[in-house]
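Both backbone and side-chain heavy atoms feed into the values below; hydrogens, waters and symmetry mates do not.
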Amino acid sequence: MLNRLFDRFRGVPQNTCVCTLAVHPPYRHRAQLLIADAPAMPWIVFTDEPNDFIDLGVRAIRYEPTGPMAIDFVTKLPPTGDGRGRPAYHDKRFLLQTVLEEFDSAIFIDADSRIRSVPRLPHFVGGIAANKAFMESITKHLNHWGQSRRPAFEQLAVELIGNANALNDAQWVSECLFAVTKDGNDSKFFAAWERGAKFLHSRNLFTGEGGVIGLAAAYAGWTVDYRSLVKLAAATEHEGGGPKTS
């Protein structure tokens with residue numbers, strides 16, 4: 001039924017779906033604007049209020065988050081890095097897994113993004129594709145954004161890869177825009193992401209999602225593809241600036 005619904009969209013590969021996480025009013029509002037920027041693309045949204053998306057012709061699935069969301073970084077959790085709170089939505093792994101039950105590829109776009117124009121989507125190879133503008137190793141990222149997290153990430157690298165030096169080779173994957181495509185190793189990727197999220201949460205570390213994704217990709221044997229999303233990334237602007245409360 002869902003695939004028949006998406007048949008009407010022209011210029012979009014049927015085996016690819018775009019998705020976003022929209023929990024709490026500021027992010028639901030931004031997600032509405034994002035989806036309206038690209039109405040011809042098939043969308044699946046995890047949200048706490050599916051009725052907010054009823055007029056947009058997308059599939060909105062009611063979802064209650066298991067991890068910290070933006071409001072928690074404003075009211076409960078301390079800032080990281082250069083002093084700006086950066087929420088880590090590890091819960092988006094559940095959204096991606098849901099999309100991949102019915103599609104070959106899932107493109108995640110942060111709700112607080114806008115798309116100026118929609119390029120033709122590429123045919124993704126199996127594995128993970130990321131935004132080239134944020135291409136750097138986990139070590140390099142941690143050097144600039146929260147070195148206090150390094151010991152935990154070194155421990156996680158040993159837990160997943162068997163060597164803390166894996167941080168020098170594994171890439172930090174910007175969680176604002178990336179794609180996952182099934183290739184038989186995706187189950188290993190999500191299992192590693194699950195382990196990584198639980199590992200850091202058990203140490204009260206709720207930021208660093210991009211590093212966990214990068215280590216999970218390395219665990220799955222994936223090389224990060226920085227080519228496939230070049231056009232979409234160039235057409236997409238991420239608001240950023242930390243958690244939104246309005």
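- Every side-chain hydrogen bond (donor to acceptor under 3.5 Å, both in side chains) that Ser105 has, sequence neighbours left out, goes to Thr181.
- Between His201 and His90, the ring planes are perpendicular. Angles over 60° get that label, and only those under 30° would be called parallel.
- Partners of Asp169 under the salt bridge (Lys or Arg N to Asp or Glu O under 4.0 Å) rule, at least two apart in sequence or in another chain, do not exist in this structure.
- Residues that satisfy the salt bridge (Lys or Arg N to Asp or Glu O under 4.0 Å) test with Arg116, not counting sequence neighbours, are Glu237.
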Kindly list each side-chain donor-acceptor pair under 3.5 angstrom involving residues 124-132, sequence neighbours excluded, with atom names and distances?
residue, atom, partner, partner atom, Å
Asn131, OD1, Ala133, N, 3.0

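- The side-chain hydrogen bond (donor to acceptor under 3.5 Å, both in side chains) search around Asn185 returns none, not counting sequence neighbours.
- Residues that satisfy the salt bridge (Lys or Arg N to Asp or Glu O under 4.0 Å) test with Arg114, not counting sequence neighbours, are Asp37.
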Less than 3.5 Å apart, which donor and acceptor atoms pair up between the side chains of residues 153-166 and the rest of the protein, not counting sequence neighbours?
residue, atom, partner, partner atom, Å
Gln155, OE1, Arg203, NE, 3.3
Glu159, OE2, Arg195, NH2, 3.4
Asn163, OD1, Asn165, N, 2.8

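- Lys140 meets the side-chain contact (heavy atoms from CB on, under 4.5 Å) test with Glu136, Ser137, His144; sequence neighbours excluded.
- The side-chain contact (heavy atoms from CB on, under 4.5 Å) test applied to Gln147 returns Asn143, Arg150, not counting sequence neighbours.
- Under the salt bridge (Lys or Arg N to Asp or Glu O under 4.0 Å) criterion, Lys198 pairs with Glu194, not counting sequence neighbours.
- Every residue was checked against the side-chain hydrogen bond (donor to acceptor under 3.5 Å, both in side chains) condition with Lys188, not counting sequence neighbours, and none meets it.
- Residues passing the side-chain hydrogen bond (donor to acceptor under 3.5 Å, both in side chains) test with Thr47, sequence neighbours excluded: none.
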